[in-house]
Amino acid sequence: MENPIIKVESITKNFKGLKAVSDVSFEIRSGAITGMIGPNGAGKSTTFNMICGYYPPSNGKIFYKGEEITHKHPYEYTNMGIARTFQIMKPLGNLPVVDNVVPSAYFGRYGAKSLKEAREIALDVLNFTGLYEKRKVLAKDMGTPDQKRLEMARALATKPEMLFLDEVMAGLNPAETESAIELIRKINDSGVTIFLIEHIMKAVVSLCEHVIVLHHGEKISEGTPEEVMNDPYVMEVYLGKKGENNA
Amino acid sequence: MKTSTLTPYAIRKRIAIVLLLTILAVIPLFLSRQPYVMNVFILIFYTSTMSMAWNLLGGMTGQNSLGHAAYMGLGAYVAALFVTKAGLNPWLSMLLSMLIVGGLAGIVFYPCFLLKGPYFTLVSIAFGETIRQFVINWDFAGKATGISLPFGAESFLEFRFMSKAPYYYIGLIMIIGVYLLMRKISKSKFGFALRTIREDEDVASAIGIKPMKYKVYALIVSSMIAAMVGSFYAYYNRYIDPDLMLQSYSVEFVLPAIVGGAAFVEGPLVGGAILITLSEFLRNEFGAILPGINLILYAVVLLVVIRFRPVGLLGWFSESKLKKMIDVKILKKSEKDEEV
């Protein structure tokens, strides 16, 4: 792959005796949407958190645009142009929606100089993510779909080049999923590279051009969604072995 | 907002503020014969200022310190020592005290911020008590006897006055100054960083805020204000002792913010005015009837407020019909005044 935006080199994470992720390597192509799938406990979130600087890997290296970022702190990522969302939504509950996004405008790469400027950026982002109407609502009073959107709005307001989305569609109904897919595509069209973890296959298939499959902390397959879905081992992991029940 | 575009609401709001300030400014003219009432006002001023200092760290940043009396006491001690031992000017001593206490708090408490939530609170109590024990056993600072400041002729330069009026005005300037600073912080980049940290530190990290850095900054500003109040206290009372740092005083600085509404910059002001007036009133009316009954009544009032208005009086007021009525009927608020 030419000039990947993110390059992960055989990262491993041990939690005491447990090997959560073992020797995983992959690359994320600049400008594309890359997905990561796998059953529960496969190590997706751990991998995600290692790349985003929340857990330092026990072994291995991570590169962003050719620069090693393995041991950088999460707060150093923003200025490099990397943003993330949290799987379990973390809205700033006691603040109105717009004030949830204002800090990103201040501290992100827009570097707003005044509250007025930060508000304008925040409102633009809320408009883009479809939360403008709810700008005055307290974040904790919103439902799951809107809180998931707020996660993305907050990340986007830092003006990232690379966006990590951790299960932003979990818990949404089909219609809400559809509009979330639309939003993610819109974000990607605006020039942001996206890496996402998702359980909803429909979303992965329709969005991603490259998919990585994890199982038991190891990468078991990689390729286009079709290639991956037709991989016998992936099918076995997801659907069980053929004739297993009859044997 | 430009002057030319002032709505009737904005004009009336300004008139109300000017009116309030005028009343506060002329009060000493009418109360010059009543030093006790003046004393209550001064008490309200410095306690509310302390509460605002606490609120920067507790209310805005979510780091509940129960050791703020120690910063105030330390501030009082440093200032008093400079005045009595080095013969420095009290105003200069106040400034030095703020710098020293701010620096000390920043360095000593830095490791405490590795602890979160209740653990931080516990350590803040322990540190406060450590400082008090240190002062009690410190020969140079008069051990448990404390320090008396020199008496003498009235002098602004020496921060020494016969009547209470000058202390009243200095206290008033202090509370207004700190309030304006807090308001400024609340609307600034710094304030948004603190609130983000209060709500969730992981989120703060994810959008480029270094939590440790901003927590320490908040602590330094907070302890500097505490040191200023402490110096004022020392000059006003002309005598300080280590009891100033008792942990129970720390709680007295927390209460105004909680009762008034810790989420609001104005919370400590409202809480301070109400609580101190109430506690002084109860002490006068009931203290003589049965010793301690005033404290019991005070506790009952606190319980009721916290039980029914956990977000503080302002939290309730800002959503209430009363505020709507005042806004619309008296201040002529229109829809144009709704921000964003």
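Residue numbers begin at 1 in each chain, while the letters A, B, ... track the order of the sequences. Atoms considered below: every heavy atom in the structure, side chains included; atoms not considered: hydrogens, waters and symmetry mates.
The closest donor-acceptor contact from the side chain of A:N188 to the backbone of A:G31 lies under 3.5 Å. Judged by distance alone, the side chain of A:Y110 and the main-chain N or O of A:A122 form no donor-acceptor pair under 3.5 Å.
Nearest heavy atom pair, residue B:R195 against residue A:L95, reads CD-CD2, 3.8 Å. For A:V204 against A:I37, the heavy-atom pair with the smallest separation is CG2-CG2, 3.8 Å.
Here the side chains of B:V254 and B:H68 are not in contact, with every heavy-atom distance at 4.5 Å or above. Side chains of A:R149 and A:S179 form a contact here, defined as non-hydrogen atoms less than 4.5 Å apart.
How far CD1 of A:I184 is from CD of A:E198: 7.0 Å, rounded to the nearest 0.5 Å. Here CD1 of B:I209 is found 7.5 Å from OG of A:S104. Values are rounded to the nearest 0.5 Å.
Shown are A:R154, A:R119, A:K136; of these, the salt bridge (charged side-chain N to carboxylate O under 4.0 Å, His left out) with A:D99 is made only by A:R119.
For residues 63-88 of chain A, the interface with chain B (any heavy-atom pair closer than 4.5 Å) comprises A:P74, A:Y75, A:T78, A:R84, A:F86, sorted by residue number. Residues of residues 158-168 of chain A lying under 4.5 angstrom from chain B, judged on non-hydrogen atoms, are A:T158 in numerical order.
Residue A:R109 does not touch chain B at all, counting heavy-atom pairs closer than 4.5 Å. With a 4.5 angstrom heavy-atom cutoff, A:N100 does not touch chain B via any of its atoms.
A parallel orientation is assigned to the rings of B:F113 and B:F120, their planes being inclined by less than 30° (bins at 30° and 60°).
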